[in-house]
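Data block below; observations after.
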Amino acid sequence: MQQLVAALGEPWIAGVLLLATRIAALLLLTPLLYSVPVPTLPRVLIVVGLACVIALPFQPAQPYAPGNVGELARAVFQEAAIGATLGLG
């Protein structure tokens, strides 16, 4: 696991986490998509896969790197709010 984190970089992993949070909130609150009965694991894999595919081209750009857990939690809540707003549209 340490090798994977070292290869990708902590800022990129934090960026994928934030992007996955926004996509998950978006898909959770979209009226047409949340009514379809899909098991939890495929939903999580779709969200993380989309986040990785979207974030991969921006890897060299050094995305957001939180300084501490509080900053990361604030950013996660902010991304969830943006995703919820987009989902409710």
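Quick note: numbers below take in every heavy atom, side chains included, and nothing from hydrogens, waters or symmetry partners.
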All pairs passing side-chain hydrogen bond (donor to acceptor under 3.5 Å, both in side chains) where residues 80-89 contributes a residue, at least two apart: none

Pairs in or reaching into residues 23-32: which pass side-chain hydrogen bond (donor to acceptor under 3.5 Å, both in side chains), with residues at least two apart or in two chains? none

Salt bridge (Lys or Arg N to Asp or Glu O under 4.0 Å): pairs with one or both residues in residues 27-42, sequence neighbours excluded: none

Name each donor-acceptor pair under 3.5 Å that joins a side chain in residues 38-50 to protein atoms two or more places apart or in another chain, with its distance.
unit_1, atom_1, unit_2, atom_2, d
Arg43, NE, Val38, O, 3.2
Arg43, NH2, Val36, O, 2.6

Apart from Phe77 itself, its cluster of hydrophobic side chains linked below 4.5 Å comprises none

Considering only distance and modelled atom types, tabulate donor-acceptor pairs under 3.5 Å from the side chains of residues 17-28, sequence neighbours left out.
unit_1, atom_1, unit_2, atom_2, d
Thr21, OG1, Leu17, O, 2.8
Arg22, NE, Glu79, OE1, 2.6
Arg22, NH2, Glu79, OE1, 2.9
Arg22, NH2, Glu79, OE2, 3.4

